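Read through the structure below, which is laid out as structure tokens, and then see the notes.
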Amino acid sequence: QVRLVESGGGLVQAGASLTLDCTASGRPFSSHDMGWFRQTPGKEREFVAAIRRGGTPTAYADSVKGRFTISRDNAKNAVYLQMNNLKPEDTASYFCAVSEASYSSGSYMPAMSLGEYDYWGQGTQVTVSS
């Protein structure tokens, strides 16, 4: 059974940094794209960042570009999200995800849409105070 578990969320002040960790179990995902999405109450889940199965290239939402960095450790079946210079508008539940279809995809860029991801974690809350 596939399971994704996020950790690292918390309450921080604006300008602070956090690193989110997501570890997968049940199957190896070294050959699959992995991504981070976020969601606030009453809004749709939105794309934050994604990383291609080989570790490059990466993709980011415009709102986090230059502040967030996604990385992965295939030996640990894990994906990370380093978040710097956090802003109150970054407050959300953050979810990691794995794309099944990316295994056989010839795309250069990683999967970036919600519908391309099949496995999801339970989410970790990030709250940024002003």
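Since we're looking at a predicted model, the values are computed, not measured.
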Over all heavy atoms of both residues, which pair between A24 and F29 is shortest? Give the atoms and the distance, please.
CB-CD1, 3.6 Å
Main chain of N85, side chain of R67: is a donor-acceptor contact present, judged purely on distance under 3.5 Å?
yes
For the pair T23 and L4, evaluate side chain to side chain contact (heavy atoms under 4.5 Å, CB included) and give the outcome as yes or no after the intermediate values.
CA-CA 6 Å; T23 301; L4 303 178; over 6 Å; no
Any luck finding a side-chain donor-acceptor pair between E100 and Y119 under 3.5 Å?
yes
Determine the interplanar angle of the F37 and Y117 rings, folded into 0 to 90°, and report it as parallel if under 30°, tilted if 30 to 60°, perpendicular if over 60°.
perpendicular
Between V79 and I70, does the side chain to side chain contact (heavy atoms under 4.5 Å, CB included) criterion hold? Intermediate values first, please.
CA-CA 7 Å; V79 63; I70 188 171; 3.8 Å; yes
Backbone of I51 reached by a side-chain donor or acceptor of T58 within 3.5 Å
no
Can you give me the closest heavy-atom contact between M112 and A59, atom names plus distance?
SD-CB, 3.4 Å
Joint hydrophobic cluster, Y80 plus M34, side-chain heavy atoms closer than 4.5 Å:
no
Intermediate values then yes/no, side chain to side chain contact (heavy atoms under 4.5 Å, CB included), F95 and R38
CA-CA 6 Å; F95 299 86; R38 65 187 182 187; 5.9 Å; no
Inspect the contact between D33 and R53 and indicate whether a charged nitrogen and a carboxylate oxygen are less than 4.0 angstrom apart.
no
Out of curiosity, does L11 fall in the hydrophobic cluster containing V128 (side-chain heavy atoms, cut-off under 4.5 Å, transitive links)?
no
Has the side chain of E6 got a donor or acceptor atom that lies under 3.5 Å from a matching backbone atom of L20?
no
Output, in order, the C-alpha distance, side-chain angles, deciding distance and verdict of side chain to side chain contact (heavy atoms under 4.5 Å, CB included) for Q39 and E46.
CA-CA 6 Å; Q39 188 172 21; E46 65 175 13; over 6 Å; no
Taking all atoms of both residues into account, what is the closest heavy-atom pair of A14 and S130, and its distance?
CB-CA, 4.4 Å
Closest non-hydrogen contact found for N84 with S17 is OD1-OG, 3.0 Å
Separation between CG (L81) and OG (S71), nearest 0.5 Å, reads 8.5 Å
Rounded to the nearest 0.5 Å, the OG atom of S30 sits from the CZ atom of R72 at a distance of 7.0 Å
Which atom of A16 lies closest to which atom of V12, heavy atoms considered
CB-CB, 3.8 Å
Heavy atoms only: give me the nearest P57-M109 pair and the separation to one decimal.
CG-SD, 3.7 Å
Please round to the nearest 0.5 Å and tell me the distance separating atom CG of N77 and atom NE2 of H32.
10.0 Å
Would you kindly confirm whether Y108 and F47 end up in one hydrophobic cluster when ILVMFWY residues are joined by side chain heavy atoms under 4.5 Å apart?
yes
Looking just at side-chain N and O atoms, do T19 and Q82 make a donor-acceptor pair shorter than 3.5 Å?
yes
Are any non-hydrogen side-chain atoms of W120 and L114 less than 4.5 angstrom apart?
yes
Exceeds 12 heavy-atom contacts within 6.0 angstrom, atom NZ of K65:
yes
S93 and Q125 side chains, donor-acceptor separation under 3.5 Å:
yes
Please confirm whether the backbone N or O of V126 pairs with a side-chain atom of D90, one donor and one acceptor, at under 3.5 Å?
no
Enclosure of R3 CZ (heavy-atom neighbours >12, cutoff 6.0 Å)
no
